Q: 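Just passing along the structure, written as structure tokens.
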Amino acid sequence: MIRKCLFPVAGYGTRFLPATKSMPKEMLPIVNKPLVQYGVEESIEAGLKEIALVTGRGKRAIADHFDISFELEKQIAGSSKESYLKSIRKVLDEGTFMMTRQREMKGLGHAILTGECLIGNEAFGVILSDDLCVNCDDDGVMAQMVKLYKQFRCSIVAIQEVPMENIEKYGVIAGDDMGDGLFRVKAMVEKPKPEDAPSNLAVIGRYILTPDIFDILRDTPPGKNGEVQLTDALMTQAQNGCVLAYKFRGRRFDCGSVPGFIEATNYVYENIYVDGEG
Ligand code: G1P
């Protein structure tokens, strides 16, 4: 079954400069936990315990986060402060971590292709940690998608309705409604102008991909903004076979933008954060 989840974490995070000048944007905390840890927890909860990080220069803090911090942990061992390490210790007990570096930023499709050496010939999840998804009393978004994969055995993208004035920020799908929030993808366009968008159904940063995506990506020419777009490769996959789009249950925050980041921070502080626990 699906065991692996790929995290493209090589991006610059320019919208958060100067904070992200020397610190990876994925390490920005929502209250007390870095963004990437929320994504990894969602992956592990879905049973995807082998975490494949596609990192880049200046991203060592991410690798260090998913390791023990020997001096710090020795220092606080046995004290009440140890409770702050609870969540990260759980992640380290349950997950395994592998990484490779993306040397040039040539787009999301290129980042995924760079991760091929970690994934091999099996279906895998992808989480873009900028998109924080929460679903307190229900399965997380990746867990919902894994259930669907078991049934349909094809690539699946998470979607959400967004206002037309924001559609230009997303990959957008058009598809046949199969009921229960599922669509069979007929068209997919990366960051269209509102007048060219095939619908208001935007792709959110959660995917399950079948491994034929790697060969397709190798043959996908640079698209929007001169980057190799995963959206274009998925469109090819949809034409050759089947790609599903799934309107997930839960809330999603765009933590790649300052307003979304603040909204997520307030939401997590009020609904999820537990004082005295990590
Ligand atoms: C990427 C994808 C886009 C998707 C978005 C979701 O864009 O290329 O299709 O809708 O993630 O967050 P980015 O936000 O990295 O520009």
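As the structure lists them, so they are numbered: ligands from 1, and atoms in each ligand from 1. Just so you know, these numbers use all the heavy atoms, side chains as well, and skip hydrogens, waters and symmetry mates. One is the number of the first residue; the rest follow in order along the sequence. Keep in mind that what you see is a predicted model, and the values were worked out from it rather than measured.
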Q: Does a salt bridge link Arg251 with Glu263, judged by any charged N lying under 4.0 Å from a carboxylate O?
A: yes
Q: What is the distance from atom CD1 of Ile62 to atom CZ of Phe7, rounded to the nearest 0.5 Å?
A: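 Going from the CD1 atom of Ile62 to the CZ atom of Phe7 covers 10.5 Å.
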Q: Verify whether the ring centers belonging to Tyr246 and Tyr149 lie closer than 6.0 Å.
A: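 No - the distance between ring centres of Tyr246 and Tyr149 does not fall below the 6.0 Å cut-off.
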Q: Quick one: does Ser155's side chain have a donor or acceptor within less than 3.5 Å of a partner on Val243's backbone?
A: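 No.
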Q: Distance under 4.0 Å, heavy atoms only, partner ligand 1: which residues pass?
A: Leu108, Leu128, Asp131, Tyr170, Gly171, Glu190, Lys191, Val203, Gly205, Tyr207, Gln229, Thr231
Q: Could you walk me through whether Lys106 and Glu104 satisfy the salt bridge (Lys or Arg N to Asp or Glu O under 4.0 Å) test, starting with their C-alpha distance in whole Å, then the side-chain angles of each, then the deciding distance to 0.1 Å, before giving a yes or no?
A: CA-CA 6 Å; Lys106 291 186 187 166; Glu104 293 169 289; 3.4 Å; yes
Q: Per the side-chain contact (heavy atoms from CB on, under 4.5 Å) rule, which among Gln144, Arg206, Met145 passes with Ile156?
A: Met145
